[in-house]
Amino acid sequence: MTSIEIGITVSFIMLIMVVLGMRVAFAAALAGLGGLIWIFWSKKGYDPSQFMWALTVSAKTAGQVPHSKVASQALSLIPTFILIGYLAYYAGLTKALFDAAKKWVGWLPGGLGVATVFATAGFAAVSGASVATSAVFARIAIPEMLAVGYDKKFAAGVVAAGGTLASLIPPSAILVIYAIIVEQDVGLLLLAGFLPGAVSAIIYGGLVVCLALTFKNFGPPVSGFTWMERFKSLPGTAPIFIVVLLIILFVYNPFGGDAWGTPTEGGALGAFVVFCIAVAKGMRWPQLKNALLETAKLSVMIFTIIWGVLIYVRFLGFADLPSAFSDWITSLDQSPILTLIFILLAYAVLGMFMDAIGMLLLTLPVVYPAVMALNGGEGVSAADSAFGMSGIMCAVWFGILVVKMAELCLITPPIGLNCFVVAGVREDISVQDVFKGASPFFVADAITIAVLIAFPGIVLFLPKLLAGG
């Protein structure tokens with residue numbers, strides 16, 4: 001067998017292991033190590049006396065990956081962004097956000113659902129983890145929606161879907177991971193997530209209103225708030241916007257010149273500011289301990305997936321599968337946009353069997369070079385490209401599209417993580433009910449993807465400002 005045939009075979013075996021229930025991190029690590037042994041041994045003609053040599057070289061090659069790849073300053077962003085979210089919860093910022101959103105948009109049909117979407121979007125601006133966002137609002141928003149007569153499936157679905165916005169709106173752990181995998185600027189990717197995240201939240205909110213207008217008693221409005229009460233609710237949300245503004249000013253320096261710090265330092269500054277706010281609002285050691293433990297658990301889970309998948313990625317390099325796939329994609333006799341849509345549809349299918357982070361880590365080393373080649377290469381100018389944008393901007397645009405597809409995976413059965421989190425917090429609601437309640441948001445996500453493909457300027461407006469065009 002050729003190295004490419006070995007690569008395809010091992011990848012297929014790995015997918016079978018994942019579908020059968022093995023964790024992505026372990027399936028990828030085993031497939032990567034086994035694939036390396038296979039390739040090295042094949043180069044020796046499968047001589048039995050050379051098997052131990054192949055095993056030793058493979059083990060050394062795989063063993064270098066965890067430290068060499070994970071000892072990256074950019075990855076230190078992940079725990080700081082996650083910590084910001086948990087500290088914000090203990091600072092009471094989530095409750096203040098939901099209360100303000102309820103008073104401002106509660107009068108709309110499905111008003112509490114719309115308020116939940118906008119509150120999760122606001123919280124996403126200080127939380128890098130979708131799981132944390134869903135868990136927090138399952139405690140805050142669902143009881144209030146049920147109290148005024150919302151269907152429990154819909155109430156749980158809104159929270160699960162709203163939690164996915166944390167994947168797109170900075171600070172986002174998944175965007176950081178994407179930037180590192182494809183070796184693009186983390187700051188550009190984070191900046192690019194703001195407008196698509198806002199568009200996604202608006203489309204989610206619009207869907208809730210449409211459902212409430214279509215189905216009787218689906219989501220009754222909540223009214224009776226005076227303008228004075230609405231304006232009084234705003235100061236409680238100010239800390240979130242202050243933290244976001246501080247991070248943006250620190251990392252992007254809109255006044256010109258060099259940035260005042262790295263994204264990692266900006267994340268650390270944000271975590272410190274939220275910590276001070278939480279302490280001022282009464283957070284004590286038990287709450288801080290819980291925030292640190294939850295941050296550590298989620299960070300370790302993410303890093304374990306990264307370690308395992310990077311071993312598989314190393315094997316892919318030896319198998320030469322990324323360049324072979326890239327050559328095949330560019331040889332297709334069809335519109336580049338149509339090819340891109342098929343790639344995104346493939347992500348939708350993969351999301352039914354894999355978690356978002358694992359899916360991106362496994363596929364991007366193969367898919368990203370193909371998409372860049374489809375556009376004309378990483379060094380192509382906008383005038384000579386297939387998608388009408390430079391190589392760098394194409395990387396940013398595709399990153400937002402693929403992360404949006406990763407959001408969809410978080411509410412897609414059978415392993416949509418956000419749905420399991422909501423069901424775990426609310427024992428009176430089954431995970432099947434959460435999946436049913438989240439299903440209408442598939443339509444909203446499809447609309448969002450279509451809008452971002454048709455109007456890439458939504459994604460690229462802020463990055464172009466930062467990059468000077």
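Under a cut-off of 6.0 angstrom, the local environment of CD1 in I392 is sparse, with at most 12 non-hydrogen atoms contributed by other residues, nucleotides or ligands. Within 6.0 Å of the CZ atom in F12, the count of heavy atoms belonging to other residues, nucleotides or ligands does not exceed 12. Residue F420 qualifies as enclosed at atom CZ: its count of foreign heavy atoms under 6.0 Å is above 12.
Listed here is the closest heavy atom pair of A156 and I142: CA-CD1, 3.9 Å. The two residues T304 and A25 have their closest heavy-atom pair at O-CB, 3.5 Å. Shortest non-hydrogen contact noted between G197 and L165 is O-CD2, 4.2 Å. Across all their heavy atoms, G122 and L97 have their closest contact at C-CD1, 3.7 Å. When all heavy atoms are compared, the tightest approach of F315 to G32 is CB-O, 3.6 Å. Here the shortest heavy-atom pairing between L410 and S167 reads CD1-OG, 3.5 Å.
Under the side chain to side chain contact (heavy atoms under 4.5 Å, CB included) criterion, S335 pairs with I337, L338, sequence neighbours left out. Partners of D445 under the salt bridge (charged side-chain N to carboxylate O under 4.0 Å, His left out) rule, at least two apart in sequence or in another chain, are K404. Under the ring-ring contact (aromatic ring centres under 6.0 Å, His included) criterion, Y86 pairs with no residue at all, not counting sequence neighbours. Taking the salt bridge (charged side-chain N to carboxylate O under 4.0 Å, His left out) definition, one finds that E294 meets it with K297, sequence neighbours left out. Contacts of F137 classified as ring-ring contact (aromatic ring centres under 6.0 Å, His included), with partners at least two apart in sequence or in another chain: F123.
Between R23 and M301 there is no side-chain heavy-atom pair separated by less than 4.5 Å. Side-chain contact check for Y347 versus L360: some heavy-atom pair is nearer than 4.5 Å. The shortest side-chain heavy-atom distance between W38 and T9 falls under the 4.5 Å cut-off. Contact annotation: the side chain of V159 approaches that of M145 to within less than 4.5 Å [non-hydrogen atoms, C-beta and beyond]. Under the 4.5 Å side-chain criterion, counting only non-hydrogen atoms from C-beta, P365 is not in contact with V309. Annotation: side chain of F81 is in contact with side chain of L190 (closest heavy-atom distance under 4.5 Å). Contact of the L344 side chain with the I453 side chain is registered, since non-hydrogen atoms from C-beta on lie closer than 4.5 Å. Residues L340 and L401 form a side-chain contact, since some pair of their non-hydrogen atoms from C-beta on lies under 4.5 Å apart.
Taken from CD1 in I400 to CG in L195, the straight-line distance is 10.0 Å, to the nearest 0.5 Å. Between I78 atom CD1 and I174 atom CD1 the span is 9.5 Å, to the nearest 0.5 Å. Between the CG atom of L175 and the CD1 atom of I180 there is a distance of 11.0 Å, given to the nearest 0.5 Å. Here I240 contributes atom CD1 and L93 contributes atom CG; the two are 5.0 Å apart, rounded to the nearest 0.5 Å. The CG atom of L292 sits 10.5 Å away from the OG atom of S299 when rounded to the nearest 0.5 Å. Atom CG of residue L310 and atom CD1 of residue I305 lie 11.5 Å apart, to the nearest 0.5 angstrom.
For the side chain to side chain contact (heavy atoms under 4.5 Å, CB included) criterion with Y204, the lone passing option out of I447, T164, V199 is T164. Applying side chain to side chain contact (heavy atoms under 4.5 Å, CB included) to N375 and the options P336, S390, S385 leaves one that passes, S385.
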Under the side-chain contact (heavy atoms from CB on, under 4.5 Å) criterion, do L361 and Y312 qualify, and how do the steps go?
CA-CA 9 Å; L361 284 166; Y312 170 72; over 6 Å; no

Start with the C-alpha distance between L316 and S11, add both sets of side-chain angles, then the distance that settles side-chain contact (heavy atoms from CB on, under 4.5 Å), and finish with yes or no.
CA-CA 9 Å; L316 288 180; S11 298; 4.1 Å; yes

Checking L345 against V349 for the side-chain contact (heavy atoms from CB on, under 4.5 Å) test, could you report, in this order, the C-alpha distance in whole Å, the side-chain angles of both residues, the deciding distance, and whether it holds?
CA-CA 7 Å; L345 288 175; V349 175; 5.9 Å; no

Can T133 and T120 be said to form a side-chain hydrogen bond (donor to acceptor under 3.5 Å, both in side chains), step by step?
CA-CA 7 Å; T133 304; T120 54; over 6 Å; no

Would F398 and L364 satisfy side-chain contact (heavy atoms from CB on, under 4.5 Å), going step by step from the backbone distance to the final call?
CA-CA 11 Å; F398 178 65; L364 283 174; 4.0 Å; yes

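Between W307 and F303, the angle of the ring planes goes over 60°, which puts this pair in the perpendicular group of the 30/60° scheme. Between F154 and F441, the two ring planes are parallel [angle under 30°; tilted spans 30° to 60°].
A donor-acceptor pair is defined here as one N or O able to donate and one able to accept, closer than 3.5 Å; such a pair exists between the side chain of W397 and the backbone of L452. No side-chain donor-acceptor contact under 3.5 Å links S200 to the backbone of P196.
Applying the side-chain hydrogen bond (donor to acceptor under 3.5 Å, both in side chains) definition to pairs two or more places apart or across chains, none involves residues 153-163.
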